[in-house]
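One structure below.
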Amino acid sequence: MKKISTLLMSAVMALGISASAFAAPVGVVNVNAILNNYPGITEIAQSVAQEKARLQDEFNKQSANMSDADKQALAQKLNQQLADFEQKKMTPVQKKINKTILSVAKAHDIDSVVNMNAMVAGGKDLTEEVIKALK
């Protein structure tokens, strides 16, 4: 009986090892590099910076004679406007990048892709292919 359980355990362990040998590879991407090389990202960053400057000017003009509580409320309102503006500009970029990452991963039969910063070791680097595909 002991021999059978030992054989059974050996078989289970062997199956586990062989199953992991056939596991799909994991892809990794450097999200910052992809974003920095995204076509038009400089213009998007400039428009966000311009909007931030415009809202700062608006805050300076409107808050001149306000109480601290009113200034804080105005700052919150304007910060939300800036966040909404930035999200409106970046959402299409994020969607296109994600779609391209998935497309490149699929071409390599990769089911999972993680940010390179989250990976300790291993993984197939897809960053350059994603950057090329976005251009």
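These numbers were taken from a predicted model, which means no experiment stands behind them.
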Should the heavy atoms of other residues, nucleotides or ligands under 6.0 Å from CD of Q62 be counted, would the total exceed 12?
-> yes
Output for pair (Q50 CD, F85 CZ), nearest 0.5 Å, gives 8.0 Å
From OG1 (T100) to OH (Y38), nearest 0.5 Å | 7.5 Å
Give every residue pair that meets the salt bridge (Lys or Arg N to Asp or Glu O under 4.0 Å) criterion with at least one member in residues 44-53, sequence neighbours excluded.
-> E51-R54
Show me the side-chain donor-acceptor pairs of residues 127-135 shorter than 3.5 Å, one per line, residues at least two apart or across chains.
residue	atom	partner	partner atom	Å
T127	OG1	N30	N	2.8
T127	OG1	D125	OD1	2.7
E129	OE1	H108	NE2	2.7
E129	OE2	H108	NE2	2.9

Got M66 and L74 here, is their nearest side-chain heavy-atom distance under 4.5 Å?
-> yes
Contacts of Q76 that satisfy side-chain hydrogen bond (donor to acceptor under 3.5 Å, both in side chains) - sequence neighbours left out | none
Here the gap from I41 atom CD1 to I34 atom CD1, rounded to the nearest 0.5 Å, amounts to 12.0 Å
Residue pairs, two or more places apart or on separate chains, that pass salt bridge (Lys or Arg N to Asp or Glu O under 4.0 Å) and touch residues 73-102 | none
Please determine which of N115, D111, I110 meets the side chain to side chain contact (heavy atoms under 4.5 Å, CB included) test together with V113.
-> I110
Which is it for L55 and D57 under the side-chain contact (heavy atoms from CB on, under 4.5 Å) test, yes or no, and what are the steps along the way?
-> CA-CA 5 Å; L55 292 171; D57 287 344; over 6 Å; no
In the single-linkage hydrophobic clustering (I, L, V, M, F, W, Y; side-chain heavy atoms under 4.5 Å), do I44 and V31 co-cluster?
-> yes
Is K106 atom NZ crowded by more than 12 heavy atoms from other residues, nucleotides or ligands, each under 6.0 Å away?
-> no
With sequence neighbours left out, the residues meeting side-chain hydrogen bond (donor to acceptor under 3.5 Å, both in side chains) with N60 are Q56
Qualifying residues under side-chain hydrogen bond (donor to acceptor under 3.5 Å, both in side chains), relative to D70, sequence neighbours excluded | S67
